[in-house]
Amino acid sequence: MPKSASHKKIEELSYEEALSELESIVASLEEGNQKLEESMALFERGQLLMKRCAELLEAAELKVRQLA
């Protein structure tokens with residue numbers, strides 16, 4: 001995980017930070033070198049990051065629609 005992003009609360013992350021951390025989590029889970037508890041924690045954070053990315057994309061799409 002990128003250290004700068006992992007210290008921030010999810011709701012403080014930019015889209016790019018959240019996506020980067022999510023990609024890192026996916027790569028880590030694909031390796032499968034964690035204990036079950038660690039994998040579950042990564043999976044849970046990944047779900048929250050995915051939700052954050054979706055919210056930010058939705059907000060950007062709404063802004064673009066308003067401007068168009």
Fill in: Minimum-distance pair of heavy atoms, taken over all atoms of Cys53 and Leu19
SG-N, 3.7 Å

Discussion item. Between Leu48 and Ile25, is there shared hydrophobic-cluster membership here, with clusters defined by ILVMFWY side-chain heavy atoms closer than 4.5 Å?
Written reply: yes

Discussion item. For residues Leu42 and Leu22: do they belong to one hydrophobic cluster (side chain heavy atoms under 4.5 Å, members Ile, Leu, Val, Met, Phe, Trp, Tyr)?
Written reply: yes

Fill in: Distance (rounded to the nearest 0.5 Å) between Gln47 CD and Ile10 CD1
10.5 Å

Worksheet entry | Side chain Glu38, main chain Lys35, donor-acceptor under 3.5 Å | yes

Discussion item. What's the separation between atom NZ in Lys51 and atom CG in Leu49, rounded to the nearest 0.5 Å?
Written reply: 12.0 Å

Worksheet entry | For the student: nearest non-hydrogen atoms of Leu56 and Leu13, plus distance | CD1-O, 3.8 Å

Item to complete: Rounded to the nearest 0.5 Å, what's the gap from CD on Glu12 to CZ on Arg52? Could you check?
Response: 9.0 Å

Fill in: Ion pair check, Lys8 and Glu17, cut-off under 4.0 Å
yes

Practice prompt. Please say whether more than 12 non-hydrogen atoms of neighbouring residues, nucleotides or ligands are located less than 6.0 Å from CD in Glu55.
Written response: yes

Discussion item. Between Ser20 (side chain only) and Glu16 (backbone N and O only), is there a donor and an acceptor less than 3.5 Å apart?
Written reply: no

Worksheet entry | Rounded distance (nearest 0.5 Å) linking atom CD of Glu44 with atom OG of Ser39 | 13.0 Å

Practice prompt. Take atom CD of Glu11 as the centre, draw a 6.0 Å sphere, and report whether it contains more than 12 heavy atoms from other residues, nucleotides or ligands.
Written response: yes

